[in-house]
2 protein chains.
Amino acid sequence: MPNSEVLPLPAPAAGGSAVAPGFPPLTERPLGAGEAEAVARMFKALGDPVRLRLFSAVASHEGGEACVCDISDVGVSQPTVSHHLKKLREAGLLTSERRGTWVYYRVEPSVLSTMGHLLTPPATAA
Amino acid sequence: MPNSEVLPLPAPAAGGSAVAPGFPPLTERPLGAGEAEAVARMFKALGDPVRLRLFSAVASHEGGEACVCDISDVGVSQPTVSHHLKKLREAGLLTSERRGTWVYYRVEPSVLSTMGHLLTPPATAA
DNA sequence: GGCCCATGTCGACGCCCGTCGAAACAGGTG
DNA sequence: CACCTGTTTCGACGGGCGTCGACATGGGCC
């Protein structure tokens with residue numbers, strides 16, 4: 001079971017969803033220390049070019065999931081790919097599932113909406 | 001002039017806007033190496049709790065701008081705050097302007113929409 | 001002009017992170 | 001069972017990053 005480590009997030013819904021909504025837009029009010037730490041983990045996970053490409057490859061793959069063997073062409077060694085995928089898993093952005101020989105990754109459903117919500121521009125379109 | 005360094009981004013519109021749209025959603029197609037590097041810079045800038053709090057403080061501040069003295073209470077020394085604000089500037093997320101004694105920071109207008117666009121969920125809400 | 005306050009810069013230190021090769025583990029196939 | 005392929009883990013190395021204190025700079029104020 002590849003999904004080993006989980007993280008302390010505000011409302012870890014009991015459905016395997018590690019990233020929960022509940023974060024206000026960054027423009028709404030200053031983030032508290034705890035919130036910032038949790039949110040920063042997500043952004044940090046996407047703050048590496050290799051991880052970003054892996055995430056994008058999974059997110060844009062047909063069927064919403066991708067085998068490691070299909071997305072390993074990002075210019076680094078295969079162990080490094082695995083390492084980054086693990087980071088993305090630990091950050092709650094991806095989930096993995098082994099089916100026979102191959103391991104398939106998919107985007108944690110709530111991630112895009114949660115992070116997108118954080119970046120909501122202020123209502124008053126100044 | 002605090003805004004010293006700029007970055008190589010795809011379409012640096014000639015308006016002082018360092019972050020330009022032109023990045024497809026991460027779910028649309030796998031990011032190329034160059035794109036990933038540029039986009040990762042933005043996410044990386046928000047991947048630190050202190051920077052995230054500073055960014056949020058500026059973004060949520062009345063009038064869209066904040067004096068350093070108003071947002072320096074993030075638990076680190078003042079030089080560190082300045083260091084992180086510089087990082088956010090170099091990443092194109094903030095701009096700064098000196099008015100008299102104080103320096104005011106504001107969010108680069110296109111940032112929120114650009115990054116939000118990157119996180120657009122797939123049209124097929126599967 | 002001289003002082004003080006607000007910011008930014010410099011140099012140093014320690015830790016975290018990305019990277020790799022080698023080895024371990026998992027599962028299918030003969 | 002032996003072997004092969006796909007994937008993860010381990011240990012190590014090097015560079016980058018966050019943090020600080022001390023100092024430089026810039027601009028009001030008396």
Side-chain angles (χ1 to χ4, degrees), chain A residues 1-5 7 33 36-37 39-55 57-58 61 65-91 93-106, chain B residues 1-5 7 33 36-37 39-55 57-58 61 65-91 93-106:
Chain A
M1 56 158 111
N3 268 314
S4 44
E5 332 222 352
L7 2 155
E37 202 131 341
V39 174
R41 255 191 296 267
M42 299 190 287
F43 282 107
K44 188 176 189 177
L46 294 182
D48 178 271
V50 172
R51 282 197 294 268
L52 199 50
R53 293 183 70 184
L54 290 172
F55 183 86
V58 172
H61 205 265
E65 67 180 11
C67 168
V68 176
C69 56
D70 284 331
I71 60 179
S72 297
D73 193 18
V74 287
V76 295
S77 72
Q78 200 280 331
T80 301
V81 169
S82 184
H83 168 72
H84 283 302
L85 287 172
K86 183 180 182 182
K87 285 293 191 71
L88 287 168
R89 253 188 294 135
E90 292 175 358
L93 304 191
L94 294 181
T95 60
S96 65
E97 180 193 356
R98 176 157 221 145
R99 282 207 297 278
T101 303
W102 293 281
V103 176
Y104 293 89
Y105 280 79
R106 52 173 59 239
Chain B
M1 56 156 97
N3 268 315
S4 44
E5 335 222 349
L7 3 156
E37 201 131 342
V39 174
R41 256 191 295 268
M42 299 189 287
F43 281 107
K44 189 177 190 176
L46 294 182
D48 178 271
V50 173
R51 282 196 294 269
L52 199 51
R53 293 184 69 184
L54 290 172
F55 182 86
V58 172
H61 205 264
E65 67 180 11
C67 167
V68 177
C69 57
D70 284 332
I71 60 179
S72 297
D73 193 17
V74 287
V76 295
S77 71
Q78 193 279 328
T80 302
V81 169
S82 184
H83 169 71
H84 284 303
L85 286 172
K86 182 181 182 182
K87 285 293 191 69
L88 288 168
R89 253 186 294 136
E90 292 174 359
L93 304 191
L94 294 181
T95 60
S96 65
E97 179 194 357
R98 174 157 222 146
R99 283 207 298 277
T101 304
W102 292 280
V103 175
Y104 293 88
Y105 281 78
R106 52 175 58 238

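Only this structure's heavy atoms are used, side chains among them; waters, hydrogens and symmetry mates stay out. Proteins come first, then strands; the chains are lettered A, B, ... in the order of their sequence lines, and each starts at number 1.
- A pairwise comparison of heavy atoms in A/V81 and A/V68 identifies CG1-CG1, 4.5 Å as the closest pair.
- The interatomic distance linking A/E97 (CD) with D/dT7 (C1') rounds to 15 Å, in whole Å.
- Each of C/dG18, C/dC20, D/dT8 was ranked by its minimum atom distance to the side chain of A/S82; first place goes to D/dT8.
- You'll find that the side chain of A/Q78 is closest to D/dT7, out of D/dT7, C/dG21, C/dT7.
- Side-chain proximity of B/S77 to the nucleotides D/dG21, C/dG28, C/dG18 is greatest for D/dG21.
- Put simply, B/Y105 has a side-chain N or O that comes within less than 4.0 Å of OP1 or OP2 on C/dG8.
- Computed from coordinates, the B/H84 NE2 to C/dT9 P distance equals 14 Å when rounded to whole Å.
- Taking atom CH2 on B/W102 and atom C1' on D/dG26, their separation rounds to 14 Å, with Å as the unit.
- Atom CD1 of A/I71 is separated from atom OH of A/Y105 by 8.0 Å, given to the nearest 0.5 angstrom.
- Nearest to the side-chain atoms of A/V68 among the listed nucleotides D/dG18, C/dT7, D/dT8 stands D/dT8.
- Remark: P of D/dT9 and CG of A/L85 are 11 Å apart, rounded to the nearest angstrom.
- B/H83 comes within 4.0 angstrom of a nucleotide base, judged by non-hydrogen atoms across all strands.
- Here the options are A/V74, A/L46, A/L88, the test is side-chain contact (heavy atoms from CB on, under 4.5 Å), and the partner is A/R51; only A/L88 passes.
- The side chain of A/V103 sits closest to D/dT7 out of D/dG18, D/dT7, C/dA6.
- Atom CG of A/L94 sits about 6.5 Å away from atom CG of A/L85, to the nearest 0.5 Å.
- For the pair A/A40 and B/P49, the tightest heavy-atom approach, listed with the atom from each and the gap, is CB-N, 3.6 Å.
- Looking at heavy-atom distances under 4.0 Å, B/T80 makes contact with a base.
- For C/dG27, neither phosphate oxygen OP1 nor OP2 lies less than 4.0 angstrom from any side-chain nitrogen or oxygen of A/R99.
- Closest non-hydrogen pair, A/H84 versus A/V50, comes out as CD2-CG1, 3.5 Å.
- Between A/L52 atom CG and C/dG18 atom P there is a gap of 13 Å when expressed in whole angstrom units.
- In this structure, OH of A/Y104 is placed 11 Å from C1' of D/dG6, rounded to the nearest angstrom.
- Nearest nucleotide to the A/R98 side chain, out of C/dG8, D/dG6, C/dA22: D/dG6.
- For A/K86, counting side-chain heavy atoms from C-beta on, the closest listed nucleotide (C/dT7, D/dG6, D/dT9) is D/dT9.
- Protein atom CD of A/E37 is 14 Å distant from nucleotide atom C1' of C/dC16, rounded to whole Å.
- Nearest-nucleotide positions on DNA chain C place A/P79 closer to the 5' end than the other of A/P79 and A/G100.
- Between A/K44 and C/dC17, a side-chain N or O to OP1/OP2 separation shorter than 4.0 Å is present.
- Distance from the side chain of B/D48 is smallest to D/dG18 among C/dT7, D/dT8, D/dG18.
- Nucleotide D/dT19 holds its C1' atom 12 Å from the CZ atom of B/R51, rounded to whole Å.
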